[in-house]
Each structure stands twice: as structure tokens, then as C-alpha cells.
Undergrad: 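Submitted below is the structure of interest, expressed as C-alpha cells.
Order of appearance sets the numbers: ligands from 1, and atoms from 1 within every ligand. Quick caveat: nothing in here was measured; it's all calculated off a predicted structure.
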Amino acid sequence: MRKYNFSAGPSELPIEVLKEVQDELLSYKNNGFSIMEISHRSAYYEEINNQAIADVKELYGIGDDYDVVFMQGGATLQFSLLAMNFAVNNKPCDYIDTDVWTSKAYTEATLAGINARIVASSKDDKYSYIPKVELNDDSSYTYICHNNTVHGTQYKTLPNSKSPLIIDASSDFFSKKLDFSNIGVLYGGVQKNAGISGFACLIIRKDMLERSKDKKMPMMFNYNTHAENNSLYNTPPTFAIYIFAKIMTWLKAKGGLDVINKLNEEKAKYLYDLIDNSSFYKTYVNNDDRSLMNVCFTTGNLELDTKFWQEAAKNHGMLGLKGHKKLGGLRASIYNSAYLNKVKILGEYMKEFERANR
Ligand SMILES: Cc1ncc(COP(=O)(O)O)c(C=O)c1O
């Protein structure tokens, strides 16, 4: 029997997609081979690659002024590459600090010799909110992490900035439509909301690519190499991209990102209402900045928190409810593939645990 998986990532995949993959594992479309066993230059693979790229654009409603690139190394490799590719001579690169994932991106940029600076932070209140800022400086770009996986905060509107936004969307990728009017790059590892580990998907505005066209750097580090070669410059992680393509098809069949967003709102509201109406559970996240993807909460007691996630796993088949090691507490990750009924089963367990332990 499958468990109820609330892991922050890699995380649960839609059961429909897993079953399709299972069906095709030995013989892809009755061709007598699996997709893992054939060339990335074959027509079979090229069709998957091209469909995935077209679906990314269709789901976000963007046109040919953006390129879609698939790259190995996860989101973490992009921290330095983004800075190396998109820093403009003499213009600083601005980072809005919401803890772990932005500070890693900032550190990697500085290690790459880039002039990076922190222009806003929510450190003063333990990263429990999203800084609200208006940035009018002429910087290279403004970098944010759209959904803060560790603390459970999420941008509801994009910050106003004069320079183009570079957005890490690793933990809320393809969960809702976004206003692309000032997005230079939207990217993320896909293993939380859109597939399995193995690569990052980057949606890059073409004028941003001009910035690194003539920069001297290894070919594999330059996004132009990958954009110009349709992400087929070298052998890509074909199986991971095949699953990603299936998730794109699944999202479209569900009705697209507006429908998915409504479902995500409904699931998160159910859990936040339960927490708000209880005197046993609490969340420290600012009301307006609560993540729809990662619901962070606590009983306020370390022993009870530990008992909660241990009993959830042992007696109820619920996995991944332990909070991030930096923060402690509890965290329920309810990405696109989590259905409301699964979230309600968690809710019933929360009520039962409260009755037994308050
Ligand atoms: C918001 C965010 N950014 C970046 C990363 C790092 O992703 P990767 O492991 O693909 O490098 C994570 C991983 O949890 C994340 O949550």
C-alpha cells in the first residue's frame, strides 16, 4: 500500500503519472524499448523534449520572447551560473534575503566573483514574513526565492523592482500563473512540484541571454549553449525529462495552472483553518505570507512535535512531517499532486493527536 507522503522534496508524484510510467517501462509506446535505453538524438526523445518545452510555455502563457532550458546540477548549480551569466558590468546584483535558499544563492554569486548585495531581509523576525520592498536602483537583476520551503513563506505578489527579476520557484513551480512583465528568469529544480530530481528547468527571457552571449566562460556554464541547442548540447537526463513531460501533460489535463492554484488554495486553507482554530497548534508565519505549498506548524513543544511525526509515520503511514532541521517543528508539504482527501486525512490525525495530548 502507498503511504501518505508529505515530504518537502523529492516528493509525491501523481499516481496517474506513475502508473503510465510503469506501463511504459519495458516498452515505450509498444516499441520494445524503454525511453531510458534510446538515444537523446532519436525522434522518440526529441518529441518528448519539444513537447515539454511547448507545454511549459503554454502553462505559463508565455511566448517566443522566452527560451526554456533544461540543465543538470539542480537548482543549486544555477545559483552561481545565474550570477555569472546575468551580472552586467559594474551593476550590483540584488538579493532579497528570506533565509536558506536566497543566502546560498547570494554566497554562490560572491564565490563566483560577482558584486552581489542583500537589499532586504526578513531576518529581524526569524524569516517569518516576506520583505515588502520597492527597488529603484539600476542593478543587474533582483533575485528572490518565490516560495521559502524551510519557513513556509511565499510571495503573493512580485516585488516592484527596476531591474528584471530572477526567481527561484523550486518549491512552487507550476503551482499558479505569474505576472511575467518583469520576470527575466523563472527557474527551479523540478523534484518537488513537477517531477523527479535530475535537472532544473529555466525559463529565460531572450534579452537576458544577450548578456552572456559574448562572455568568456566554459560552454556548459553558458545558458546560450543550452538554449541554442534545444537543451540537447550533451546527453540530458532523459528519464527525468520524460517524467517532467508527463507531469506537464497531467497539469494541462487538470485544467492548467489557474485550476491547480484553486485546488492548492483549498488544501492550504483547510490546514491553516485547522491550525488557527486550535489552541494546541500554532504557526509563526505572517498571515499574508503563508505558503500554499509548505505548511509549517508546531505544538510549541519539541517532545510533542517529535511524537507527532513519529506516530504519524508508524501508525498512520504519513511520511515527511518533520520540520526542516534548521527550524524544527512540523511541516506538511502539499504540492500539486497532493489531493484534498489526503490533506483531510492529515487533518483528522491532527485533531486526534490534539485530543490525546493536550
Ligand atoms: C527553494 C529551493 N531552492 C533551491 C533548492 C535546491 O534545489 P536542488 O537540490 O535541486 O539543488 C531547494 C531544495 O530543497 C529549494 O527548496
Side-chain angles (χ1 to χ4, degrees), residues 5-13 69-84 95-109 111-112 116 121-122 127 129-131 142-156 158-159 165-176 178 183 185-203 220-221 223 226 231 236-237 239-241 243-244 247 264 285 289-296 319-327 329 331-338:
N5 188 349
F6 293 94
S7 167
S11 30
E12 180 190 25
L13 293 165
V69 162
F70 304 136
M71 254 187 92
Q72 294 173 57
T76 303
L77 179 64
Q78 316 314 318
F79 295 161
S80 51
L81 297 191
L82 287 162
M84 287 158 69
Y95 286 74
I96 299 182
D97 169 37
T98 47
D99 203 14
V100 179
W101 297 113
T102 49
S103 71
K104 282 195 178 186
Y106 164 80
T107 304
E108 289 290 323
L111 286 172
S121 173
S122 49
Y127 297 108
Y129 69 99
I130 296 286
T142 302
Y143 184 100
I144 66 166
C145 175
H146 200 260
N147 182 72
N148 182 355
T149 329
V150 174
H151 294 272
T153 56
Q154 185 179 29
Y155 282 82
K156 302 300 166 181
L158 295 177
L165 294 168
I166 295 186
I167 305 177
D168 174 359
S170 294
S171 51
D172 62 355
F173 226 0
F174 301 96
S175 67
K176 63 180 281 197
L178 292 171
I183 295 182
V185 182
L186 180 74
Y187 84 99
V190 302
Q191 65 271 18
K192 298 172 194 301
N193 233 356
I196 62 170
S197 59
F199 74 101
C201 169
L202 297 107
I203 305 169
M220 281 294 284
F221 292 3
Y223 291 123
H226 302 283
S231 297
F239 190 65
I241 292 169
I243 292 186
F244 174 77
I247 304 268
N264 286 332
V285 178
D289 304 321
R290 291 173 169 185
S291 168
L292 301 190
M293 302 284 108
N294 311 101
V295 177
C296 292
L319 305 181
L321 288 164
K322 185 181 179 191
H324 187 274
K325 61 180 185 297
K326 179 165 182 192
L327 202 67
R331 172 175 58 177
S333 297
I334 46 172
Y335 297 121
N336 289 343
S337 41

Undergrad: How close does the nearest protein non-hydrogen atom get to atom 14 (O) of ligand 1, and which residue and atom is it?
TA: Lys192 NZ, 2.8 Å

Undergrad: Relative to the ring of Phe199, is the ring of Phe70 parallel (under 30°), tilted (30 to 60°) or perpendicular (over 60°)?
TA: perpendicular

Undergrad: Determine the minimum heavy-atom distance between Phe244 and Ala194, stating which atoms define it.
TA: CD1-O, 3.1 Å

Undergrad: Could you list the atoms of ligand 1 found under 4.0 angstrom from a heavy atom of Ser170?
TA: 1 (C), 2 (C), 3 (N), 4 (C), 15 (C)

Undergrad: Measure from atom 13 (C) of ligand 1 to every heavy atom in Phe199, Phe79, Phe173, Trp101 and give the option owning the shortest one.
TA: Trp101

Undergrad: Indicate the atoms forming the closest heavy-atom contact of Glu12 with Ala338, along with that distance.
TA: OE1-CA, 3.6 Å

Undergrad: Output side-chain donor-acceptor pairs under 3.5 Å for residues 167-175, partner residues at least two apart or in another chain, one line each.
TA:
residue	atom	partner	partner atom	Å
Asp168	OD1	Ser170	N	2.8
Asp168	OD1	Ser170	OG	2.7
Ser170	OG	Gly189	N	3.2
Ser171	OG	Asn147	O	2.9
Ser171	OG	Asn147	ND2	2.9
Ser171	OG	Thr149	OG1	2.8
Asp172	OD2	His146	ND1	2.6
Asp172	OD2	Gln154	NE2	2.8
Ser175	OG	Asp172	O	2.7

Undergrad: Fit a plane to each ring of Phe79 and Trp101, take the angle between them on a 0 to 90° scale, and name the class: parallel (under 30°), tilted (30 to 60°) or perpendicular (over 60°).
TA: tilted

Undergrad: Yes or no: does His146 have any heavy atom under 4.0 Å from an atom of ligand 1?
TA: no

Undergrad: Would you say Gln191 and ligand 1 have an N/O pair spaced under 3.5 Å apart?
TA: yes

Undergrad: Measure the distance from atom 1 (C) of ligand 1 to every protein heavy atom, then report the residue, atom name and distance (to 0.1 Å) of the closest one.
TA: Thr149 OG1, 3.3 Å

Undergrad: Can you tell me which portion of Ala200 lies within the under-4.0 Å heavy-atom range of ligand 1? Options are side chain, backbone, both, or neither.
TA: neither

Undergrad: Please verify whether a non-hydrogen atom of Gly9 lies at under 4.0 Å from ligand 1.
TA: no

Undergrad: Among all protein non-hydrogen atoms, which one is nearest to atom 3 (N) of ligand 1, and what is the separation to 0.1 Å?
TA: Asp168 OD2, 2.6 Å

Undergrad: How far is atom 11 (O) of ligand 1 from its nearest protein heavy atom, and which residue and atom is that?
TA: Thr76 OG1, 2.5 Å

Undergrad: Does Lys104 approach ligand 1 within less than 4.0 angstrom via side chain, backbone, both or neither, non-hydrogen atoms only?
TA: neither

Undergrad: Pairs of nitrogen or oxygen atoms closer than 3.5 Å, one from Ala75 and one from ligand 1: do any exist?
TA: yes

Undergrad: Just checking Lys325: does its NZ atom have more than 12 heavy atoms from other residues, nucleotides or ligands closer to it than 6.0 angstrom?
TA: no

